[in-house]
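Since the structure comes first, as structure tokens, the remarks are kept for the end.
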Amino acid sequence: MSRLAQTEGLTDIQREILSTVRDFVDKEILPVATELEHRDEYPTAIVEGLKELGVFGLMIPEEYGGLGESLLTYALCVEEIARGWMSVSGIINTHFIVAYMLKQHGTEEQKEYFLPKMALGEIRGAFSMSEPGLGSDVSAITSKAVQDGDEYVLNGQKMWLTNGGTSTLVAVLCRTGDAQEGVAPHKAMTTFLIEKEPGFGEVRPGLTIPGKIDKMGYKGVDTTELIMDGLRIPADRVLGGMPNRGFYQMMDGVEVGRVNVAARGSGVARRAFELGVAYAQQRHTFGKPIAQHQAIQFKLAEMGTKVEAAHAMMVNAARKKDSGARNDLEAGMAKYLASEYCKEVVEDAFRIHGGYGFSKEYEIERLYREAPMLLIGEGTAEIQKMIIGRRLLEEYRTQD
């Protein structure tokens with residue numbers, strides 16, 4: 001077991017869950033991840049194994065058939081899974097954001113209907129805010145929902161849905177009011193719970209998933225667009241039963257997502273360090289292992305320190321959210337630091353491998369293409385720094 005990225009104060013149950021997930025990663029994910037990634041193949045057998053372990057119900061309350069575990073437990077499991085293959089952690093991330101939003105904001109009827117099936121992995125979630133023309137500016141969304149009796153009619157185009165094809169439930173943010181003077185745009189947005197068939201093409205009347213977006217990395221998991229053209233949704237599928245609360249609901253979910261991205265960054269960085277430190281002891285130059293050269297030792301020292309720092313900040317952000325306190329500052333810091341450090345640790349491991357790092361036969365090549373996604377997922381580094389800066393000014397505001 002690695003000395004790095006250890007977590008103090010875990011319960012026996014948490015340690016048992018993590019040990020089970022770690023064993024699954026070592027036996028079922030790592031041996032096949034690179035081959036599946038190169039084929040851009042959805043990891044069906046791995047997902048079925050995670051369902052059997054109960055991972056899809058990890059944070060869902062026991063009363064709805066889940067394990068009722070904390071965000072910290074979930075984040076530590078994500079860290080282990082991302083160490084094996086980051087794409088698999090993406091499959092469960094959007095599922096958990098939707099489950100969390102339902103748990104926190106859903107009506108009792110919505111919780112009773114969706115959460116037990118989500119805990120079993122029978123319903124798999126995706127969520128959608130972004131659109132082709134807005135990037136990080138969520139307040140500028142143009143997808144619109146207009147009420148028509150007991151239904152809403154939805155029109156618009158969404159972008160970058162993780163699990164867009166394989167999911168059967170999508171939480172979609174739409175505008176439900178026109179811009180009015182003195183009314184902030186985010187106060188006229190609503191989250192809709194849209195059920196659909198898995199697959200591509202028209203997956204229900206008025207809803208089309210065109211196909212998979214071909215990506216540089218983060219393969220295996222399907223990333224898609226979503227097109228709504230006269231899509232009719234019953235009013236009882238408004239999250240929480242009340243319109244115009246969607247922005248706040250989504251931002252609450254994104255805080256969970258940012259802790260998840262920090263966990264993924266920590267997991268990928270740890271795997272890159274493992275690969276780098278192992279290769280440095282196997283590769284010989286000038287009559288000795290390159291690990292004995294001071295330049296490589298300096299790299300390993302920096303890499304290990306970054307892995308430890310990313311893990312610590314991720315744990316802090318998760319524990320803050322679990323306490324019920326506001327954690328946008330901690331989640332933003334953790335996401336920013338972990339994703340940046342992940343990129344740097346992966347690149348250093350790549351450099352340690354030399355020319356072999358450029359070969360698809362070596363695992364570090366896959367990690368080198370996966371790490372950049374963490375720099376933009378759940379908000380770019382620039383967005384995180386805006387959040388962090390504003391929150392720090394709130395905390396350290398001087399008296400006028």
Side-chain angles (χ1 to χ4, degrees), residues 14 17 55-61 64 66-82 86 88-106 110-111 114-115 118-119 123-130 136 138 160-163 167 169-173 191 193 239-240 245-267 310-311 313-339 373-374 376-379 383-384 387-388 391:
Q14 286 175 314
I17 290 172
V55 170
F56 282 92
L58 199 59
M59 276 183 66
I60 293 174
Y64 299 110
L67 298 179
E69 274 295 328
S70 63
L71 176 59
L72 175 61
T73 307
Y74 166 63
L76 293 173
C77 288
V78 166
E79 183 180 36
E80 293 294 340
I81 292 168
M86 194 180 74
V88 178
S89 66
I91 290 170
I92 62 174
N93 176 39
T94 53
H95 176 85
F96 265 103
I97 291 176
V98 177
Y100 173 82
M101 290 168 61
L102 275 161
K103 181 185 74 171
Q104 293 296 109
H105 305 288
Q110 290 169 350
K111 294 177 187 178
F114 288 112
L115 289 180
M118 295 186 79
I123 289 179
R124 302 249 288 283
F127 84 114
S128 176
M129 292 190 298
S130 188
S136 298
V138 179
W160 307 119
L161 274 77
T162 301
N163 292 332
S167 61
L169 172 66
V170 187
V172 177
L173 187 66
T191 302
L193 302 169
L239 180 60
R245 297 179 179 177
F247 181 84
Y248 305 102
Q249 295 164 346
M250 283 279 181
M251 291 303 106
D252 191 21
V254 165
E255 285 185 14
V256 172
R258 285 177 178 151
V259 173
N260 172 284
V261 172
R264 284 197 256 180
S266 182
H311 173 83
M313 291 199 74
M314 177 270 290
V315 168
N316 180 57
R319 282 181 162 151
K320 190 84 170 182
K321 188 75 170 177
D322 283 332
S323 74
R326 180 178 178 180
N327 90 324
D328 54 343
L329 175 61
E330 291 78 9
M333 285 182 166
K335 191 275 175 187
Y336 169 59
L337 187 87
S339 58
M373 198 285 292
L374 299 173
I376 53 176
E378 311 296 358
I383 288 293
Q384 305 312 316
I387 294 168
I388 293 165
R391 287 287 288 115

Under a 4.5 Å cut-off applied to non-hydrogen side-chain atoms, are Val55 and Ile92 in contact? yes
Is any side-chain heavy atom of Leu239 closer than 4.5 Å to a side-chain heavy atom of Met101? yes
Atom pair OH (Tyr100) and CD (Gln249), whose distance is rounded to the nearest 0.5 Å: 11.5 Å
Distance in Å, Ile123 CD1 paired with Leu193 CG, rounded so as to fall on 0.5 Å steps: 10.0 Å
In terms of heavy-atom contacts, Gly377 and Val261 come closest through O-CG2, 4.2 Å
Quick one: does any side-chain atom of Gln384 pair with a main-chain N or O of Gly379 as donor and acceptor, under 3.5 Å? yes
Side-chain heavy atoms of Val259 within contact of Tyr74, under 4.5 Å: no
Short question: side chain of Lys335, backbone of Leu374 - any donor-acceptor pair under 3.5 Å? yes
Measure the shortest side-chain to side-chain distance between Leu329 and Ile388 over non-hydrogen atoms and say whether it is less than 4.5 angstrom. yes
With side-chain contact (heavy atoms from CB on, under 4.5 Å) as the criterion, how do Val78 and Arg264 come out once you've worked through the C-alpha distance, each side chain's angles and the decisive distance to 0.1 Å? CA-CA 6 Å; Val78 166; Arg264 284 197 256 180; 3.7 Å; yes
Could you report the tightest heavy-atom contact between Thr191 and Ala171, atom names first, then the distance? CG2-CB, 4.0 Å
Less than 4.5 Å apart, any side-chain heavy atom of Ile97 and any of Asn260? no
Hey, does Leu76 have a side-chain heavy atom less than 4.5 Å from the side chain of Val315? yes
Under the 3.5 angstrom rule, does the side chain of Glu330 hit a backbone N or O of Lys320 as a donor-acceptor pair? no
Kindly give the heavy-atom pair with the smallest separation between Ala75 and Ala318, and that separation in Å. CB-CB, 4.5 Å
Any side-chain heavy-atom pair of Phe127 and Leu173 under 4.5 Å: no
Identify the heavy atoms of Leu102 and Gln110 that sit nearest to each other, and give their distance. CD2-CB, 4.0 Å
Between Gln14 and Glu69, is any pair of side-chain heavy atoms under 4.5 Å apart? yes
About how many Å separate CD of Glu79 and NE2 of His311, when rounded to the nearest 0.5 Å? 5.5 Å
Tightest non-hydrogen contact, residues Cys77 and Leu58, listed as SG-CD2, 3.8 Å
Counting distance only, does the side-chain N/O of Arg258 pair as donor-acceptor with the main-chain N or O of Ala334 below 3.5 Å? no
Mind checking the CZ-OG spacing from Arg319 to Ser70? Nearest 0.5 Å is all I need. 8.5 Å
Atom pair CG (Asp328) and CG (Asp252), whose distance is rounded to the nearest 0.5 Å: 10.5 Å
Asp322 side chain vs Leu72 backbone, donor-acceptor pair below 3.5 Å: yes
Would you call the rings of Phe56 and His95 parallel, tilted or perpendicular if under 30° counts as parallel and over 60° as perpendicular? perpendicular
How far apart are the closest heavy atoms of Val98 and Met118, and which atoms are they? CG1-CE, 4.0 Å
